[in-house]
Amino acid sequence: MTARIIDGAAVAQQVRAEVAEAVKARVSAGKVVPGLAAVLVGENPASQVYVRNKRKACEEVGIASFGYELPASASQEEVEALVSQLNADPKVHGILVQLPLPAGLDEQRVLNAIRIEKDVDGFHPMNLGRLAQKGRDPLFVPCTPAGCMVMLEKELPSLEGVNAVVLGRSNIVGMPVALLLVRANATVTICHSRTKNLPDVVRSADVLVAAVGREEMVRGSWVKPGAVVIDVGINRVEDASKPKGYRLVGDVAFDEVKEIAGAITPVPGGVGPMTIAMLLKNTLRAAELAD
Ligand code: NDP
């Protein structure tokens, strides 16, 4: 059996269209245009590309985007002063600080400085803490985990009682995905670099979310027949046949796993496009919260 391919680009396009429609309706109703401030510190080329793509996506759906660039030599105080200025700016509903920050800057302190009402990345400890607490809701859910859930729920409208395995426990992907799955009443196992007998644990999964950053680590023999597999990994592997000299692969050996799984996200074209779509959705929500 060959797995259904979950088309992240198509789902993301649908989310973007919904956001564009809602922004248009706000503007016609005389409400303020949602605004996203993107803060880039230093000149990391990958970060520059990410910020450019996020700003372009904002413009496409009618969200105002404001770019702020600071040199890699910027001090902690300078970065935090910019965040304070954006916290107070009524045109800015969401603040995105592109990570990683250059060495020497304290990322957590910068993230803590963002007002939680503008924390559209969902990385503020208050938002993550609320995600972990029963009976409380975060204002924003981190974008990549939220995107994983949207795709999963298209495949499995109910996750109740489902055995879910999450590979990875980072603050930005693994842990929030696991928390979201628990909130959806799945039974969740979180794996990491110290997990023993990883292939056996993965074989118990009806739903597998892989976010480890290890190219094609999950093999076909690790996967339960019919499982739904969400591959978050984005890894570059050298490939002289490609114009850029590399290609992108996930944390899952796609060609093997697609023969076993029931459904699978490809890389590229799976989780990646969903991340930006969820950022747009969070920015719209931030503007609505400010109304
Ligand atoms: P991190 O490096 O922060 O976390 C990786 C996690 O994987 C850690 O919990 C680590 O365990 C675990 N891990 C590492 N090696 C192994 C192993 N051999 N066996 C089991 N567990 C292991 O990565 P991120 O969470 O930030 O990102 C994960 C992947 O997702 C990357 O490929 C990244 O590029 C991609 N990504 C994609 C996004 C998208 O938009 N599609 C957005 C963000 C990330 P331990 O905690 O023990 O160290």
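Position 1 is the first residue of the sequence; numbering continues from there. We count ligands from 1, going down the list as the structure has it; atoms in each ligand are counted the same way.
Between the side chain of Asn282 and the backbone N or O of Phe140 there is no donor-acceptor pair closer than 3.5 Å. Side-chain N or O atoms of Asp251 include one that pairs as donor or acceptor with a backbone N or O of Val212 at under 3.5 Å. Although no hydrogens or angles enter the test, the distance criterion places no donor-acceptor pair under 3.5 Å between the side chain of Asp121 and the main chain of Leu96.
The local environment of CD in Glu160 is sparse, with at most 12 non-hydrogen atoms from other residues, nucleotides or ligands closer than 6.0 Å.
Contacts classified as salt bridge (Lys or Arg N to Asp or Glu O under 4.0 Å) and involving residues 138-155 (residues at least two apart or in different chains) are given here: Arg4-Glu155.
Sorted by chain and number, the heavy-atom contacts of ligand 1 below 4.0 Å come from Thr144, Gly168, Arg169, Ser170, Ile172, Val173, His192, Ser193, Leu198, Ala211, Val212, Gly213, Arg214, Met217, Val232, Gly233, Ile234, Asn235, Val271, Gly272, Thr275.
Of the candidates Asn44, Val39, Leu40, Leu40 is the only one forming a side-chain contact (heavy atoms from CB on, under 4.5 Å) with Val51.
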